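In what follows, a structure is listed as structure tokens, so that the remarks can point back to it.
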Amino acid sequence: PPKNVPLIDYYEKLISEIETALGPHHSYLAEALLGLSDLNVRMGKLQDARRCAERASDIFRWQDNPVGVITACYQVASIDFRSDELDQAEQQWRDLLQHYQNTGNDLWIARILQRLGDVDCERERWNAAATRFRQSWSILQQMSAPPVAAFNAKFGLAYALSRGNTDLSA
């Protein structure tokens, strides 16, 4: 069996215990579901991952926890992307981008721009991808983000520019 199976068993037992002790709408349950979703993504069990993330999102909605809802929605969009459900992933990330543009959370804006750039790359929309990665990189530079935080933006920009035969000096 995969080496992560015991960890999945741990999460499933934890989820059952939390639900029994605290009820079906507790934030601890939603957090544990997101953890299990992450683990399932790493193991390639995307349907299980999506089910956990959607359940976490439902719990966060019930609690009126917008940060939790957004975190779970980002996870669902990421799963959709990995499942080649590009239309769904793109729409969810556009919705999240609009939310974060209204709140001014630059780090999340940069992250979501990178994910939208990934969608553009999958669709071979090289100029659009380059624009998104360039915007993300610019935001991260203005924030003085650590180099590791900006790596994906820089790599994505270079990739989109090279694939699109676009002027690298732009």
Side-chain angles (χ1 to χ4, degrees), residues 2-4 8 30-31 33-58 60-61 65-170:
K3 65 180 179 180
N4 291 341
I8 283 182
E31 294 293 337
L33 285 163
L34 284 178
L36 181 56
S37 177
D38 286 338
L39 187 59
N40 278 316
V41 166
R42 282 186 243 137
M43 293 186 66
K45 297 175 149 190
L46 300 180
Q47 289 180 338
D48 291 342
R50 183 182 176 85
R51 184 178 37 80
C52 291
E54 286 176 339
R55 185 167 176 216
S57 177
D58 290 343
F60 286 130
R61 285 184 212 293
N65 178 340
V67 172
V69 171
I70 289 167
T71 302
C73 288
Y74 184 90
Q75 176 76 353
V76 170
S78 298
I79 294 164
D80 286 342
F81 179 80
R82 290 184 63 143
S83 302
D84 291 326
E85 298 291 339
L86 298 181
D87 289 338
Q88 288 176 251
E90 183 174 21
Q91 186 57 55
Q92 290 173 47
W93 281 322
R94 284 180 187 273
D95 292 346
L96 289 171
L97 180 62
Q98 182 177 1
H99 168 79
Y100 279 113
Q101 285 172 330
N102 292 335
T103 64
N105 187 322
D106 289 341
L107 183 58
W108 273 97
I109 291 169
R111 288 181 68 192
I112 293 167
L113 285 168
Q114 289 175 27
R115 298 312 311 251
L116 288 168
D118 292 338
V119 171
D120 290 331
C121 284
E122 285 295 314
R123 293 186 164 155
E124 298 183 6
R125 299 185 304 211
W126 308 117
N127 290 335
T131 298
R132 292 190 197 278
F133 287 122
R134 188 177 284 118
Q135 290 170 330
S136 176
W137 171 239
S138 176
I139 290 167
L140 293 168
Q141 280 183 312
Q142 291 172 10
M143 293 176 58
S144 299
V148 70
F151 175 78
N152 287 339
K154 288 172 31 178
F155 178 81
L157 176 59
Y159 179 75
L161 290 173
S162 69
R163 293 296 306 226
N165 297 318
T166 305
D167 180 9
L168 295 176
S169 65

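Just so you know, these numbers come straight off a predicted model, no measurement behind them.
Under 3.5 Å, the side chains of Arg132 and Ser136 contain no donor-acceptor pair of N or O atoms.
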Evaluate the side-chain contact (heavy atoms from CB on, under 4.5 Å) criterion for residues Val41 and Gln75: first the C-alpha distance (whole Å), next the side-chain angles of each, then the deciding distance (0.1 Å), finally the verdict. CA-CA 10 Å; Val41 166; Gln75 176 76 353; 3.7 Å; yes
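Ser37 and Cys52 make their closest contact through CB-CB, 3.8 Å (heavy atoms, listed as atom of the first residue, atom of the second, distance). Contact detail for Phe60 and Ala72: the closest heavy-atom pair is CD1-CB, 4.4 Å. When all heavy atoms of Ala53 and Leu34 are compared, the pair lying nearest together is CA-CD2, 4.3 Å. In this structure, Ala129 and Ala160 approach most closely via the heavy-atom pair CB-CB, 3.8 Å. Shortest non-hydrogen contact noted between Cys121 and Tyr159 is SG-CD2, 3.9 Å.
Between the CG atom of Asp38 and the CG atom of Leu33 there is a distance of 11.0 Å, given to the nearest 0.5 Å. Taken to the nearest 0.5 Å, the CG atom of Asn102 stands 9.5 Å off from the CG atom of Leu97. Put simply, CG on Leu113 and CZ on Arg134 are 13.0 Å apart, with the number rounded to the nearest 0.5 Å.
Pairs passing the salt bridge (Lys or Arg N to Asp or Glu O under 4.0 Å) check and including a residue from residues 142-151, sequence neighbours excluded, do not occur. Listed by first then second residue, pairs satisfying salt bridge (Lys or Arg N to Asp or Glu O under 4.0 Å) with a partner in residues 102-119 read Arg115-Asp118, not counting sequence neighbours. Listed by first and then second residue, the side chain to side chain donor-acceptor pair (under 3.5 Å) pairs that reach into residues 90-99 are Asp80-Gln92, Glu90-Arg94, Glu90-Arg123, Glu90-Arg125, Gln91-Asp95, sequence neighbours excluded.
The one candidate from Glu54, Arg50, Arg51, Glu85 that meets the side chain to side chain contact (heavy atoms under 4.5 Å, CB included) condition with Ile79 is Arg50.
Counting heavy atoms from C-beta outward, Cys73 and Leu96 have side chains that approach closer than 4.5 Å. Ile112 places a side-chain heavy atom less than 4.5 Å from the side chain of Tyr74. Residues Val76 and Gln88 have side chains not in contact (no heavy-atom distance under 4.5 Å, counting atoms from C-beta outward). Residues Asn40 and Leu46 are not in side-chain contact: their nearest non-hydrogen atoms beyond the backbone lie 4.5 Å or more apart. Between Phe133 and Asp120, every side-chain heavy-atom pair lies at or beyond the 4.5 Å cut-off.
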Show me the donor-acceptor pairs, under 3.5 Å and distance only, between side chains in residues 144-156 and residues at least two apart or in other chains.
none

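Residues passing the ring-ring contact (aromatic ring centres under 6.0 Å, His included) test with Trp137, sequence neighbours excluded: none. Considering only residues two or more places apart in sequence or on other chains, Asp84 meets the side-chain contact (heavy atoms from CB on, under 4.5 Å) condition with none of them.
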